[in-house]
Amino acid sequence: MNARVLPLAEHGIKKRRVDRFAIQVIRTLNEAGYHGYIVGGGVRDLLLDMKPKDFDIATDATPEQVRGLFRRSRIIGRRFRLVHVYTRGELLEVATFRGPANAQANKTCENSGRILSDNSYGSMAEDAIRRDFTINALFYDPLAEEIHDFVGGYEDLKQRLLRVIGDPELRYREDPVRVLRAARFTAKLGVKTDAASEEPIVEAGKLLANVPPARLFDEVLKLLLSSHAAASFAALQHWGLLHQLFPQLQCNSSGVVNEGPLLKQAMANTDERVQQGKPVTPAFLYAALLWEPLNKRASHYQEKGYSAQDALIVAGDEVIATQCKVTAIPRRFSAVTRGIWSMQPRFAKTQGARAWRLLNERKFRAAYDFLILRSLEDESLVPLVKWWTDIQELSHEEQEKLIFKSGKSGRRRPARKDRPTTKPVANQDDC
Ligand code: ATP
Ligand code: MG
């Protein structure tokens, strides 16, 4: 299989936009008699004039041969072994060309056709056709300044078209995560999905149930924490995939989740924060995504006689445990999600020691941001939002005066040592 080779005059990639370390690694490979290319998202993003997230390298050298060339490197990976090569603060992934997906020798499959492990090496052409979409299968040689295209990815990129390499249905079955990648690329790159590649997506989405929850959690983060949350969310909805990822959400007969202003705003806020360079946490997004199922469960417990607070706690545990079966949520995040939820009923009390404690909670700011979101769906919360917004503008003395003004709470003011020395800060940042 021959590649179309595009010279600099045609592709126009400016070498200075390519990571220096990647070029250096490729030069070292060349000097040792091997080939090395920048592949995947790095090439695609350069051609789209976007800033590549990373520069992955593909080579004909085996992991052991690569390891032998770079002192600071190590072989990693079980599903597919590759080499991490380090330099000051930077890490590059160098992968050996992979062989055909149907080479039975080193491959194990489950009944649905999903490939579980596969470690066979192959030629550059074979490596190209194993990749997911044509626009992700371009090889860039920064020394010769040439692009090698085995699958028509360059033309597709020019047409802004996302096309699966090979038979889409089969490729999604091999790895259902590819449907989520399709949603992500349409959102991030503004490409359109080619009709044949789009057709099987809804059905293939059902196979996500067979994918390990930890892998799905990683994909959810890539979808929703990369400044394209709103567009990714819309793409997921379009193909009924959001419901596959969050089955506790109510959906209509076509698998489209009922999405209210709370969810829409949560996505918009996330994008805004990422664009402003502010940290974002999956804990907050999960709090928003699971708020509706949480409330349903909590009502059930309240009917059984639990207090609003206790009902939220018990229901929160259940809702998170159920979600973990689909997209595992590491504890450090789920603990924050629970905290955001369990603080919500506490906002109703604006006076006395309890209100004071709430204002000084470590996660106050995240919980307050969440209260704002809730007020988009529940107007009765608007005055509360205003109260908690205004109080944050005041000095400590003024805050204290306001919270303890009635003196009716029957509690003493906090001892001086308990009083905060700084104003509450945005806690969403440190989780
Ligand atoms: P970005 O890094 O911007 O999210 P990317 O295309 O680089 O996008 P990665 O997850 O970094 O995505 O993967 C690097 C490359 O590996 C892809 O461009 C693609 O060629 C290949 N690849 C990744 N995941 C799959 C998959 N599930 N099936 C087939 N090929 C894949
Ligand atoms: Mg990448």
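No hydrogens, no waters, no symmetry mates; every other heavy atom, side chains included, goes into these values. Both counts, for ligands and for their atoms, begin at 1 and track the order of listing.
Between Tyr154 and Leu138, the shortest heavy-atom contact is N-CD2, 3.7 Å. Across all their heavy atoms, Ile57 and Ala22 have their closest contact at CD1-O, 3.8 Å.
Side-chain contact check for Leu245 versus Leu180: some heavy-atom pair is nearer than 4.5 Å. Side-chain contact between His148 and Tyr37: present, with at least one pair of heavy atoms (C-beta onward) separated by less than 4.5 Å. Under the 4.5 Å side-chain criterion, counting only non-hydrogen atoms from C-beta, Phe70 is not in contact with Val83. Side-chain contact between Pro176 and Leu208 is present, with at least one heavy-atom pair separated by less than 4.5 Å.
Close contacts of ligand 1 with Lys53, meaning ligand atoms under 4.0 Å from a residue heavy atom, involve 1 (P), 2 (O), 4 (O). Heavy-atom proximity to Gly41, at under 4.0 Å, picks out these atoms of ligand 1: 5 (P), 6 (O), 7 (O), 18 (O). Atoms of ligand 1 found under 4.0 Å from any heavy atom of Arg184 (numbered from 1 in listed order, with element): 1 (P), 4 (O).
Residue contacts with ligand 1, taken as heavy atom pairs separated by less than 4.0 Å, involve Arg131 via backbone and side-chain atoms alike. Under 4.0 angstrom from ligand 1, there are no non-hydrogen atoms of Val177.
Inclusion of Gly40 in the set of residues having an N or O under 3.5 Å from an N or O of ligand 1 is not warranted.
Partners of Phe233 according to the ring pair (Phe, Tyr, Trp, His ring centres under 6.0 Å) rule, which considers only residues two or more places apart in sequence or in another chain, do not exist here. With sequence neighbours excluded, no residue satisfies side-chain hydrogen bond (donor to acceptor under 3.5 Å, both in side chains) with Asn2.
For the Mg ion (ligand 2), protein N/O/S neighbours under 2.8 Å (waters excluded) are Asp54 OD1.
Counting only residues at least two apart or on different chains, the salt bridge (charged side-chain N to carboxylate O under 4.0 Å, His left out) pairs with a member in residues 39-49 are Arg17-Asp49, Asp45-Lys188.
Checked by atom type and distance alone, the side chain of Glu259 never pairs as donor or acceptor with a backbone atom of Gln237 at under 3.5 Å.
Within the structure, the closest approach of Phe185 to ligand 1 falls below 4.0 Å when heavy atoms are considered. Within the 4.0 Å heavy-atom cutoff, Asp56 counts among the residues contacting ligand 1.
Heavy-atom proximity to atom 22 (N) of ligand 1, evaluated over Arg181, Arg130, Lys51, is greatest for Arg181.
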